[in-house]
Amino acid sequence: MSGVDRADQMISYYSCPRKSARWYKKVLFHLLDVTIWNTFFIYKKHFSLNNLRFKDFRDSLIRNFIQIPVDATSDQLFKKIKPKRSDIVIPDNAHFQVTIPLPEGYKRKKYFKNCVVRFKKKVRKQTSFQCKTCKVGLCAGKCFEVYHIDKNLE
C-alpha cells in the first residue's frame, strides 16, 4: 500500500482537475496525472537520480511537449513586444474609422452624419464616425465592414 499512498500523495500536490464540473474531464486528468507520476517513478528508478523532484520533472516534460527552451524564463515567454510607432507603415489608401472632424464655428462636441449603409436600407441612423479615406459616414463595426465589402465587389 505504501507505493499507492505515495503516488496519491504526490499526485495531489500538483493535480490537474482542480475545478472541472464534468466528471469525464476529472477522470481524464487524473489518468494523466497517474501516467506522469508512473513515468517519473520509472525514470528515477532507471537513471537512479535521487535529487530530481517531481515538480521539476513535470516542468521539463511540459517544456519538451510544447518545445520551449529549457533556460527560458516566464518574462521572456510572455513579454509583449510592441512595435515602435516609427516602424509602423500605413498605406495612404488604408480604410480606418475616425471621428468626423468638426466644421468651423460648430459649437457641439461631435458632428454627425447619416450612416450610408443604413440609409440604403431606408433606416435613419446618425453616426459620429467616418472612413478616413472614403469620407462617408458609417456606423462603427458592422456597417463599416459591409460598406467596404460591397464597395470592393462593385
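Side chains are part of it too, since the values below use all heavy atoms of this structure and drop only hydrogens, waters and symmetry mates. Numbering starts at 1 and runs along the sequence shown. Only a predicted model underlies this, so the values are computations on that prediction, with no experimental measurement involved.
- With contacts defined as side-chain heavy-atom distances shorter than 4.5 Å, the pair I11/V34 qualifies.
- Considering every non-hydrogen atom in both Q97 and C139, the closest pair reads NE2-O, 3.8 Å.
- Interatomic distance, NE2 of H95 versus CZ of F144, reported as 7.5 Å (0.5 Å rounding).
- Residues F112 and V116 do not share a hydrophobic cluster, defined by chaining ILVMFWY side chains whose heavy atoms lie under 4.5 Å apart.
- In this structure, the side chains of I100 and K110 stay at 4.5 Å or more apart for every pair of heavy atoms.
- Salt bridge absent: D33 and K26 never bring a charged side-chain N and a carboxylate O closer than 4.0 Å.
- With rounding to the nearest 0.5 Å, the separation of CG in L61 from CZ in F40 is 11.5 Å.
- In this structure, D59 pairs ionically with K55, as a charged nitrogen and a carboxylate oxygen lie closer than 4.0 Å.
- Using a 4.5 Å heavy-atom threshold, the side chains of L138 and H148 count as touching.
- Note on L32 and W37: same hydrophobic cluster, where clusters join Ile, Leu, Val, Met, Phe, Trp and Tyr whose side-chain heavy atoms are under 4.5 Å apart, directly or indirectly.
- Between T99 and F129, the closest side-chain pair of non-hydrogen atoms falls below 4.5 Å.
- Looking at heavy atoms from C-beta onward, F57 lies in side-chain contact with Y43 at the 4.5 angstrom threshold.
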